[in-house]
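Just so it is clear, the structure is predicted and the values come from calculations on it, not from any experiment. Every heavy atom of this structure was used, including side-chain atoms; hydrogens, water molecules and symmetry mates were not. Reminder, nothing fancy here: chain letters follow the sequence lines and each chain counts from 1.
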Amino acid sequence: MYNYKEIEKKWQKYWLDKKTFKAVTGDKSKEPYYILVEFPYPSGTGLHVGHVRSYTAQDVLARVKRMQGYNVLYPMGWDAFGAPAEQYAIKNHIHPKDAVKENIKTFKGQMMSLGFSFDWDREFATTDPDYYKWTQWQFLQFYKHGMAYKAKKDVNWCPNCKSVLSNEDAAGGVCERCGTKVVQKEKSQWMLKMSDYAEDLITGLNDTNFAERVKLGQINWIGKSVGAEVDFTVEETGDKLTVYTTRCDTLFGVTFMVLAPEHPIIEKLSNLITNMDEVRKYREFAKSKSAFERTEVNKDKTGVKLEGITVKNPLNGKNVSVFISDYVMMDYGTGAIMAVPAHDERDYEFAKKFNIDIIPVIEGGDISKEAYTKDGVHINSEFLNGLGKEDAIKKMLDYLKEKNLGRPKVNYRLQDWIFSRQRFWGEPIPMIYCEKCGWQPMKEEDLPLLLPDVAEYEPTDTGESPLAKITDWVNTTCPCCGGPAKRETDTMPNWAGSSWYFLRFMDPHNDKEFASMDAMKYWKRVDWYNGGMEHTARHLLYARFWVQFLYNVGLVPNKEMIWTRVSHGMVLGSDNQKMSKSKGNTLNPDEIVNEYGADTLRVYEMFMGDYSQDVPWSVNSLKGCKRFIEKVERLLAKVNENEGFTKDLEIIQNKTIKSVTNDLERMSYNTYISYLMILANAYDDAKSITKEDYRLLLTLLNPVAPHITEELNEKIGFKPICEGSWPVCDESKLVQTEFDIAVQVNGKLRGTITISVDDNEEVIKEKALSCENVKKHVEGKEIVKVIVIKNKIVNVVVKG
RNA sequence: GCCCGAGUGGCGGAAUUGGUAGACGCACAGGACUUAAAAUCCUGCGAGAUUUAACCCUCGUACCGGUUCAAGUCCGGUCUCGGGCACCA
């Protein structure tokens with residue numbers, strides 16, 4: 001048929017030369033519409049067929065919206081900082097900067113060859129100094145508003161590699177590189193006060209149109225829990241020992257307490273605690289474990305009792321023993337719990353192991369008994385006896401407040417954001433440490449703080465970033481007193497640059513601000529953001545937090561800058577497994593473009609299945625899509641010289657316009673393609689078609705197969721589709737005077753009848769009952785009633 | 001353990017508010033064209049029973065039960081698979 005390579009190149013050049021997809025900020029003649037797809041990490045392996053799926057989906061949307069008269073912003077850039085580039089650099093002794101440059105070239109070439117309608121004038125990489133200058137600038141705003149601070153935090157540490165590991169690299173509790181057991185090491189790190197935004201990040205979801213499952217993902221990650229704090233007292237010193245609980249109503253069932261091994265009160269009471277040696281030993285033991293081991297479920301409970309101190313249940317004065325155990329975490333709640341072994345699985349296990357009393361306080365709810373239920377009325381609980389859970393909690397809260405023993409408390413699982421990485425390939429954190437003045441922010445006018453060139457990319461023996469070795473760079477002067485000072489050598493996490501890139505796309509060349517308020521007000525927000533399921537929790541949460549902070553300090557116009565978020569399913573290998581090199585089931589989009597053409601690949605990826613679900617690759621299905629495109633090409637030979645549309649085709653044409661437009665609104669790409677196949681089949685069945693008929697099909701197909709449709713459209717002498725408009729359904733053509741409807745007897749299909757719009761219920765009934773097969777099934781039986789649903793169905797209900 | 005999502009032909013999947021289950025595509029089978037093949041075109045294609053044949057009939061959307069004139073769709077329960085979080089008090 002056609003030489004795909006030639007026509008694809010031809011149209012790609014046309015779009016580029018004409019700047020067809022350039023989005024002009026501030027164009028008042030059109031409604032703005034911002035379509036975004038997650039910018040990729042430009043890896044060495046090139047574009048994945050999974051990328052092609054979401055980029056095509058958003059490309060289809062962008063092309064349709066443009067034809068519908070919107071001013072569409074569909075940008076692309078590169079999320080190029082991060083560990084893989086650094087690893088690659090260490091291995092091959094290539095500067096990450098150079099590797100990234102190479103990879104971007106590959107990615108961009110691949111995207112070009114697929115005909116995506118990105119506005120390339122807005123392209124940037126997070127590694128561009130012009131970009132990360134503003135990432136650093138925004139960090140300074142966090143700092144200046146008290147939202148960034150330094151704190152000692154445990155990190156995963158490989159004692160063999162002497163290196164800090166991410167949770168991913170420490171998966172399973174061992175170092176990914178050398179297999180050594182990972183331990184916890186305390187490091188001072190920059191933190192962002194994300195926990196302050198926990199509630200706002202939940203309520204903000206109301207100002208978004210995210211898919212429900214995405215919203216739920218966010219809410220679960222934030223992990224809000226409503227409960228109470230209860231104060232216990234160390235008799236000997238009067239020190240308060242406060243616990244957090246969601247079930248303060250079970251307070252009468254408390255027989256012991258458990259503190260996190262790191263709980264600060266332990267040191268404070270060390271003079272009183274008679275078995276301090278044993279306690280210290282346990283704390284060392286807990287510390288030697290990786291985060292993975294520590295949080296591993298279903299393992300034996302361990303712990304040590306604090307001897308020599310007396311703590312009493314504040315309600316009834318009964319003695320409560322105090323333990324430390326690693327199943328209590330220091331960074332959630334107060335780092336201390338009250339244990340109710342009768343009704344909590346973990347407490348029960350612990351009590352069994354240490355022979356502690358178990359007092360049931362909920363009838364029928366005792367875990368130690370064979371059959372137990374979760375909700376019963378309270379027993380052994382004085383003033384709560386006989387009450388249900390909700391009432392008991394309320395009453396207990398009132399009591400605690402009155403006696404000043406506790407208070408309602410909401411907790412969140414969401415923690416502050418650890419913002420430091422001991423890596424080279426990231427944005428340098430623009431902070432300076434001066435012996436005299438402490439931590440000082442760099443002067444804004446001195447930004448960007450450029451990443452220096454280094455010879456070695458490996459982390460240092462102490463786990464510091466390789467930047468620490470570059471004394472020229474590290475040694476500087478204090479912005480406050482002018483004395484000698486040292487730079488922070490940690491860099492920012494990969495999540496930083498991707499937390500605000502969508503704002504930069506609105507105004508990418510601005511050298512005065514990260515983006516002007518005018519530009520952001522014009523584009524308003526991202527109307528439609530697409531990405532993988534794996535990013536719907538963390539990336540989206542970080543980005544929303546970042547934006548909410550910028551909003552609160554008056555730097556962006558809206559509290560939420562992303563309106564709709566949709567997550568696409570994965571493209572699996574033809575073996576139904578996740579694609580991976582080791583399984584040998586990967587595919588290279590270049591080869592497919594080369595063999596089948598870009599349009600075929602695009603059509604197939606949209607047709608392959610439900611967009612939000614994972615779908616296995618099928619070469620046969622891909623071939624089917626190629627056949628479809630060839631069929632559309634062959635229709636060219638059927639074009640006649642008649643004017644306007646062919647009368648007989650008008651119904652199906654308008655039906656197709658209607659269905660297809662609707663399908664695209666709801667991201668139902670597979671049915672969009674199938675309707676076009678039906679239309680093409682109808683054209684194929686017709687004797688001949690007019691140019692207008694043909695152009696309609698080509699226009700509807702253009703968003704997904706832009707090259708071949710433009711070529712064919714040019715052949716019949718029309719101006720380019722991308723400069724035209726999207727067809728609108730003419731409802732008057734769809735007004736039918738007759739339809740076929742089904743007739744059921746007792747809900748079973750027994751025939752169809754043709755009715756006219758003018759037929760009243762009586763006439764329809766009559767037609768239904770005179771239908772041969774219906775007669776057969778009604779014969780000799782009593783007709784109870786006949787249900788007529790206009791234009792839909794008739795159901796005859798019979799008895800006997 | 002908790003939270004989400006999904007179970008429909010040989011396969012990917014349609015069925016938007018309950019109203020003719022299986023659109024569209026793939027695979028497969030038969031036929032036409034051809035010296036032949038490819039391509040293309042035509043026909044069939046959930047299971048089963050019956051029939052010369054057609055119609056027709058029975059069953060059928062993971063399983064059990066319910067609501068309804070009518071259930072893939074709604075309700076209650078169960079199972080399986082996929083994903084996320086995970087000793088969160």
Select base, sugar-phosphate, or nothing to describe what [X] touches, counting heavy atoms under 4.0 Å on all strands.
X         : result
Lys748(A) : sugar-phosphate
Asp614(A) : sugar-phosphate
Gly624(A) : sugar-phosphate
Asn662(A) : base
His343(A) : nothing
Thr246(A) : sugar-phosphate

*So what does the secondary structure string of RNA chain B come out as, 5' to 3', with Watson-Crick or wobble pairs under 3.5 angstrom, [ ] for crossing and | for pairs with another strand?*
(((((((..(((......[....))).(((((.......))))).(((........)))..(((((..]....))))))))))))....
*Below 3.5 Å, does any donor atom in the side chain of Asn620(A) face an acceptor in the base of rC26(B), or the other way round?*
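No.
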*Do the two ring centres, one from Tyr596(A) and one from Tyr604(A), sit under 6.0 Å apart?*
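Between Tyr604(A) and Tyr596(A), which both carry aromatic rings, the centre distance is not below 6.0 Å.
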*Would you call Arg565(A) and Glu38(A) a salt bridge, using N to O less than 4.0 angstrom?*
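Yes.
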*asked:* From C-beta outward on Phe607(A), which listed nucleotide comes closest to its side chain: rA23(B), rG25(B), rC4(B)?
replied: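 For Phe607(A), the side-chain atoms sit closest to rG25(B).
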_Geometric cation-pi criterion Lys409(A) and Tyr244(A), 6.0 Å radius, 45° cone_ =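 Not satisfied by the 6.0 Å and 45° rule.
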